[in-house]
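Here the structure comes first, spelled out in structure tokens, and everything after it is commentary.
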Amino acid sequence: MLQIYNSLTRKKEPFTPIDPKNVRMYVCGMTVYDYCHIGHARVLVVFDVVNRYLREKFGQNSVTYIRNITDIDDKIIQRATENNESIESLTERFINEMNVDADKLGITRPDQEPKATLHMQDIIDMISILIDKGYAYQASNGDVYFEVKKFEGYGKLSGRNLDEDQAGARVEVEIAKKDAADFVLWKMAKDGEPAWDSPWGPGRPGWHIECSAMATKCLGNHFDIHGGGMDLKFPHHENEIAQSEASTGECFANVWMHNGHVMVDEEKMSKSLGNFFTVREVLKQYQPEVVRYFILTSHYRSPLNYTKNNLDNAKSALDRFYTALRDLHDTSAEHDYNYKESFNAALDDDFNTAEALAVLFEITRELNSLKANNNLEKAAHLGEVLRELGGMLGLLQDDAEQFLKGSGSGSDGLNDDAINQLIENRITAKKEKNWGEADRIREELSAQGIVLEDGAGGTSWRRG
RNA sequence: GGCUGGGUGGCAGAGUGGUGAUGCAGCGGCCUGCAAAGCCGUCAACAGCGGUUCGAUUCCGCUCCUAGCCUCCA
């Protein structure tokens, strides 16, 4: 039985889909004005695993996964102006770049990736309903606001009490608002800003409303899971709940999932702090699965420290798996599924990927034992199991030999031919029992990051 | 100030009211020309102080430290 920690109730709950034939999940995606950083990679990977596992549990075609794209907001306008580039060109460019990164990381594409600019009518419709129902008002400056006090359940997600919040503690309060907590639904366009027609005048949607409109449009008023980064819990998700439930009169999402942040030097990695590493930057040094593994080593709700040491550890761990998977022959026989049970039990427990990985290591140990005892048939079977379970996490899908011989995307230093030549020379030296020369060659390669392994079947190598 | 979370062995990181996480690193052994890889064995931890309990790292309280949110943010 799958259990998921629900941010709304602050406890783990058994997950029961509204419709097991169509489990519906919405995740807040990217605002597209820059490259994705490792924090974004974490959301992508975490919910990719959730998506994969839900399909494993409920059926490959019984899940609808929506991840939106915010392609209009203040930051985008600002960046486009700075670049002297049109908003369309900017956002299209970074949507493409996002997909490049996501594909490299082995992220399964969501079923739909709705964009705010293509859902203006849905957004306007929802705002109209909110005004009609008395939850929203147009202020003297023309902006339309959601009146927070009218929505009874406000604060239920983030656990905050409006009276205790220090409104305006860190940001100036817009004076046109009735209450400091009210938030904008429709923002009037200033000169030169992009604008869409609306009953309240030309303008653009506030940030929160697009997700409410697109989620209900794509998944219905009431769906199963809503996810996103921890930083979106308040105000973004709190506001989404208010808007959606006020307008539809129905429960919005049953389960709220929030992933923890990626940290750098004890601080959250974020664009505004400027302490971020882009996905492509990291992928120059580490293979995609290394990044994925790194993300999955800690529980999705915990903070994750971005350090060289942790990435290197991830690489070592994958080397261990792929070393075990190397030189296994193909097999089509029935698999041994003893491990699958404990692997699934780990993921059933609020997607405990760290524990699931521990199961993969158990398999690896047994697999290595079998290889050592020359029980190659059974070893091959276990190899299949290892790959299959790893695949649920999007891991162990590379060719073992290629993974071990590859470094980041650009492997500088010696090319394969040069390495093989040196290995040949060393084999000759070894035949002559010229150990000094053999060791010298091994040292030379080692200095280039190449590790040699003399086995029964000859010498193999990998990039360490 | 308010609201969420954390503090586990050298490092990373799960978990549990009373035996084992796991990976890397270390130590001993097997294997090897020597290594590497692998296998076997081994060391080692639960921030502090109280309380509940036959028993607490695990439950409760307090203290200290720390992260996130209360502004755009994944």
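Hydrogens, waters and symmetry mates are skipped; everything else that's a heavy atom, side chains included, is used. Labels below follow one simple rule: chain letters A, B, ... track the order of the sequence lines, proteins then strands, and each chain is numbered from 1.
- Contact of A:R442 with B:rA35 (side chain to base): a donor-acceptor pair of N or O atoms is detected under 3.5 Å.
- No cation-pi contact links A:R67 to A:F47, judged by a cut-off of 6.0 Å to the six-membered ring centre and 45° from its axis.
- Contact check on A:E97 versus A:R93 returns no salt bridge, with no Lys/Arg side-chain nitrogen under 4.0 Å from an Asp/Glu carboxylate oxygen.
- Of the candidates B:rC69, B:rC72, B:rA67, B:rC69 carries the atom nearest the A:R160 side chain, counting heavy atoms from C-beta on.
- Of the residues in residues 254-264 of chain A, those with a non-hydrogen atom less than 4.0 angstrom from any atom of RNA chain B are A:N259, A:G260, A:H261, A:V262, A:M263.
- With rounding to whole Å, A:N373 atom CG is found 15 Å from B:rC31 atom P.
- Side chains of A:E384 and A:T331: a donor-acceptor N/O pair is absent below 3.5 angstrom, by distance only.
- Closest to the A:R426 side chain, of the nucleotides B:rA14, B:rG33, B:rC70, is B:rG33.
- In this structure, the nucleotide among B:rC72, B:rA74, B:rA67 sitting nearest to the side chain of A:C28 is B:rA74.
- Rounded to a whole Å, the CG atom of A:D265 is 15 Å from the C1' atom of B:rU66.
- Taking side-chain N and O atoms only, A:S302 has a distance below 4.0 Å to OP1 or OP2 of B:rA14.
- A salt bridge links A:R442 with A:D439: the distance from a Lys NZ or Arg NE/NH1/NH2 to an Asp or Glu carboxylate oxygen falls below 4.0 Å.
- With respect to A:R426 and A:D454, a salt bridge is recorded, a charged nitrogen being found less than 4.0 Å from a carboxylate O.
- Protein atom NE2 of A:H40 is 4 Å distant from nucleotide atom P of B:rA74, rounded to whole Å.
- A salt bridge links A:D348 and A:K57; the closest N-O separation between the charged side-chain nitrogens and carboxylate oxygens is under 4.0 Å.
- Helical stems in RNA chain B, defined as runs of 3 or more consecutive Watson-Crick or G-U wobble pairs with both donor-acceptor distances under 3.5 Å, are listed by first residue as B:1-7 with B:64-70, B:10-12 with B:22-24, B:26-30 with B:38-42, B:47-51 with B:59-63.
- Both stacking criteria are satisfied for A:W435 over the base of B:rG33: a centre-to-centre distance under 5.5 angstrom and an angle between ring planes under 30 degrees.
- A salt bridge links A:D319 with A:R462: at least one charged nitrogen is closer than 4.0 Å to a carboxylate oxygen.
- In the displayed structure, A:E82 atom CD is contacted under 6.0 Å by more than 12 heavy atoms of other residues, nucleotides or ligands.
- In this structure, A:S369 reaches the sugar-phosphate backbone alone: every heavy-atom distance under 4.0 Å involves primed, P, OP1 or OP2 atoms, never a base.
- Across all strands, A:S272 comes closer than 4.0 Å to base atoms (heavy-atom distances).
- Residue-level contact check: A:K233 touches the backbone only, with heavy atoms under 4.0 Å from sugar-phosphate atoms and none from bases.
- Between A:E444 and A:R440, at least one side-chain nitrogen of the basic residue sits less than 4.0 Å from a carboxylate oxygen of the acidic one, meeting the salt-bridge criterion.
- Side-chain to base pairing of A:D439 with B:rG33: one donor and one acceptor N or O lie within less than 3.5 Å of each other.
- If you check distances only, the side chain of A:D454 does reach the base of B:rC34 with a donor-acceptor pair under 3.5 Å.
- Comparing B:rU22, B:rC11, B:rA74 by their nearest atom to the side chain of A:H37 picks out B:rA74.
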